[in-house]
Protein chains: 2
Amino acid sequence: MREVTIYDIAKEAKVSVATVSRVINDTAPVKGSTRAKIEELISKYNFQPNAMARSLLKKETGIIGVIVPDLTNPFFPEVFAGAEEEAQSSGHTFLLSNSIGDTRKESEYLSIMREKRVDGIMFLGGRINLKHCDEHLVQELVQHASVIPTVLVNGELKNSGLIRVATDESFGTALAVRHLAQLGHKKIGFIGGENHMTTTSIKLRAFRKTMKEEGLEVCEDWILPDSFSIESGKRQMLKLLSMKEKPTAIFCVNDYTAIGAIKAATESRLSVPDDISIVGFDDIPLSHHFIPELTTVSQKAHELGRTAIKVLQAMMNKEKVKKLTTLEPHLVVRQSTSAPVQP
Amino acid sequence: MREVTIYDIAKEAKVSVATVSRVINDTAPVKGSTRAKIEELISKYNFQPNAMARSLLKKETGIIGVIVPDLTNPFFPEVFAGAEEEAQSSGHTFLLSNSIGDTRKESEYLSIMREKRVDGIMFLGGRINLKHCDEHLVQELVQHASVIPTVLVNGELKNSGLIRVATDESFGTALAVRHLAQLGHKKIGFIGGENHMTTTSIKLRAFRKTMKEEGLEVCEDWILPDSFSIESGKRQMLKLLSMKEKPTAIFCVNDYTAIGAIKAATESRLSVPDDISIVGFDDIPLSHHFIPELTTVSQKAHELGRTAIKVLQAMMNKEKVKKLTTLEPHLVVRQSTSAPVQP
DNA sequence: CTGAAAGCGCTAACAT
DNA sequence: ATGTTAGCGCTTTCAG
């Protein structure tokens, strides 16, 4: 059956649609008695104004589009939750899509969001984490962003001028490596991360830099990028353990690879941290429930989400915003790191 | 700047808007040359038709509303991913909201989705898991569902007649308990779950029933509901371990409580499964990465999501669907269960 | 094959 | 305080 419209209720209340609109939006004074009658009818028919019609006119949908690479990675739901919390203030709701890091899907979702006239876009993962991003992918996003306020979270599009909110990953990496060095570790490895992604290169660069600052030598055999999964952490740790000269501590690009590394070590009858120290990155909820609890760099995912939405709200209000808002991560020391056995 | 409309491009192409509409939707033959010109203009201006305007007319938005209690619980992203996969076939996108199990938020989101005229609603958690759900909450959902195709996932609204898709939790529980019994366990405990939720009572009932079938006695002291968090699993396990008579195996209502229980046991210097066997429920991705890997009942979250959307699509096409579609879980035996030490 | 015109449901001047 | 009316951007008869 047809949904009831503002006309239906105007007719039954014997007033014009304008009056009904007025009581719905409380946009002008209406006589008590008419207002009462209208309100009664509204609840009688359970009338809900059609947001499409309204949006068509107002050019606002109350929807923010979110593109994430993989909601199954606990970091993203956390960011999303933060975003949702912050968006309450402006009454925005979310159109969410998993891109699985596939740039074609990203393009598709971008296009859908554009058609649906979302008020803003929060973009995570995929092309904005690529070390070498195809020019037309950059242009596509720039083009959309010129029409729809867009914020990039934890990523970048080389000289695109797009607004970003990001964790300072260099700083976080330095924190972790310094922690290991201060515990007395001299032989430190690096596990995980795909080579063509910026997160990996940023962390690797910071790793080398901090090692140098701490007066430590980097052993190239122990630099083992792969991917971001638990499996890859496991795989690389196994490789490391099969070498004759092994590190006493390992920096992993994220908590998943760290957990994989711990699994591999444990299954090889080594104890973490007694035999080898491991530090992760992200601080996903699980990291402090794992056995042993993971020492890691907290990304403040929740705050990242909140901040991104704050920036987006400012943009939607046409306020001026900084090109880059940085969030400083901090180190969370738990059980997976300790001083090395042999000095 | 104003978005370009179908009028703009009609004007420049020197044709009517109708013709432009025709080439966009390929809804009637258009002469090759005019079509070419129009298409050129479309890409020149990067024109994207306004979905609002279109929806207003077609009474379809291409959006499915999803209400989940907590995306931070890895079970839900998995369901969502399945849903997303299935929705590709019908080209639907998702408006997603976390209700945090708060019925007021649910109502709010329901209302927003109704205003936005989503094509369908997938509802998880919250009120549909309550043992005693307030009548007006039931009515509210029934009311919405009478206008918008709605499917309840893993929940129920007592004699509301609403369409549901659900895991057979009784069956799953039986699977787990039987597994424990077959390993030789006679003293089995039950941890987790909030008392006022149906998941808990369904599982508890199945637990008792299966115990009886296996000829085992239920010790009431070992029935320890609480909540669904890792913390609560830990808490109840600690309580259990402080008793003078302890069970040799434990059924946990979900993987999180199982992980909490393992943590508590491990920290109390007990070994899982050597000293105590633990079985979970859900099979979240993490359960097979935990140490020890968790024996659990797989909910097939991904398939649950896919199935729910399939059902929803059928409803949106006004096909007849079954009131209840059941998914059979299966047992995944991993490392956290083994035969008890003392016979 | 193409154009004119009537809405879809609502808001916002502009009148009264 | 309330009614009239002109759109918002698009699709879809109905006529050519």
Side-chain angles (χ1 to χ4, degrees), chain A residues 1-39 41-42 45-63 111-112 114-119 147-148, chain B residues 1-39 41-42 45-63 111-112 114-119 147-148:
Chain A
M1 79 247 175
R2 219 178 95 270
E3 286 252 10
V4 0
T5 75
I6 201 174
Y7 280 94
D8 301 321
I9 100 118
K11 184 148 95 182
E12 186 157 344
K14 297 189 208 310
V15 295
S16 77
V17 292
T19 309
V20 178
S21 175
R22 283 178 190 117
V23 352
I24 291 171
N25 303 294
D26 199 35
T27 179
V30 172
K31 186 158 51 143
S33 61
T34 40
R35 145 164 275 131
K37 171 174 287 174
I38 290 171
E39 274 168 348
L41 258 10
I42 285 179
Y45 289 115
N46 225 294
F47 167 74
Q48 309 262 95
N50 183 327
M52 298 294 131
R54 184 181 276 167
S55 301
L56 192 54
L57 217 31
K58 308 269 288 268
K59 284 140 170 19
E60 277 183 20
T61 53
I63 298 179
S111 173
I112 291 178
R114 171 83 169 277
E115 286 184 0
K116 298 210 188 303
R117 301 297 193 260
V118 296
D119 295 337
V147 185
I148 304 178
Chain B
M1 77 247 175
R2 218 178 97 272
E3 286 254 9
V4 359
T5 75
I6 200 174
Y7 280 94
D8 301 322
I9 99 118
K11 184 149 93 183
E12 186 157 345
K14 297 191 208 310
V15 295
S16 76
V17 292
T19 308
V20 178
S21 174
R22 283 178 189 117
V23 351
I24 292 170
N25 302 293
D26 199 33
T27 181
V30 172
K31 189 163 45 149
S33 62
T34 40
R35 144 164 278 128
K37 171 174 289 175
I38 291 172
E39 275 166 348
L41 258 11
I42 285 180
Y45 289 116
N46 224 293
F47 169 72
Q48 309 262 98
N50 183 326
M52 298 293 132
R54 184 180 274 168
S55 301
L56 191 54
L57 220 27
K58 308 269 288 271
K59 282 136 173 19
E60 277 182 22
T61 52
I63 299 179
S111 175
I112 290 178
R114 172 81 169 277
E115 287 183 359
K116 298 210 186 306
R117 300 299 192 259
V118 296
D119 295 336
V147 185
I148 304 178

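Here is how names work: the chains are called A, B, and so on, in the same order as the sequence lines, proteins then strands, and each is numbered from 1.
The shortest distance between side-chain heavy atoms of B/Ile24 and B/Arg54 falls below 4.5 Å.
Shortest non-hydrogen contact noted between B/Ile38 and B/Val23 is CD1-CG1, 3.5 Å.
Each of B/Thr34, B/Ile9, B/Leu41 was checked for a side-chain contact (heavy atoms from CB on, under 4.5 Å) with B/Val20, and the lone residue meeting it is B/Ile9.
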Determine, for nucleotides 8-16 of chain D in 5'-to-3' order, which nucleotides have protein heavy atoms under 4.0 Å from the base (write B), from only the sugar-phosphate (write S), or from neither (write -). BBBSBB---
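Taking CZ from B/Arg22 and CZ from B/Arg35, the interatomic distance works out to 11.5 Å, rounded to the nearest 0.5 Å. Once rounded to the nearest 0.5 Å, the distance linking OG1 of A/Thr19 with NZ of A/Lys37 reads 12.0 Å.
Distance from the side chain of B/Thr19 is smallest for C/dG3 among the nucleotides C/dC1, C/dG3, D/dT2.
Between the CD1 atom of B/Ile9 and the P atom of C/dG3 there is a distance of 12 Å, rounded to whole Å. Taking atom CZ of A/Arg35 as the reference point, atom P of D/dT2 lies 10 Å away to the nearest angstrom. Computed from coordinates, the B/Asp26 CG to C/dT2 P distance equals 13 Å when rounded to whole Å. Rounded to whole Å, atom P of C/dA12 lies 10 Å from atom CD of A/Glu60.
Residue B/Ser55 places none of its side-chain N or O atoms closer than 4.0 Å to OP1 or OP2 of C/dC8.
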Decide side-chain contact (heavy atoms from CB on, under 4.5 Å) for A/Asn50 and A/Glu3; before the verdict, give the C-alpha distance in whole Å, the side-chain angles of both, and the deciding distance to 0.1 Å. CA-CA 9 Å; A/Asn50 183 327; A/Glu3 286 252 10; over 6 Å; no
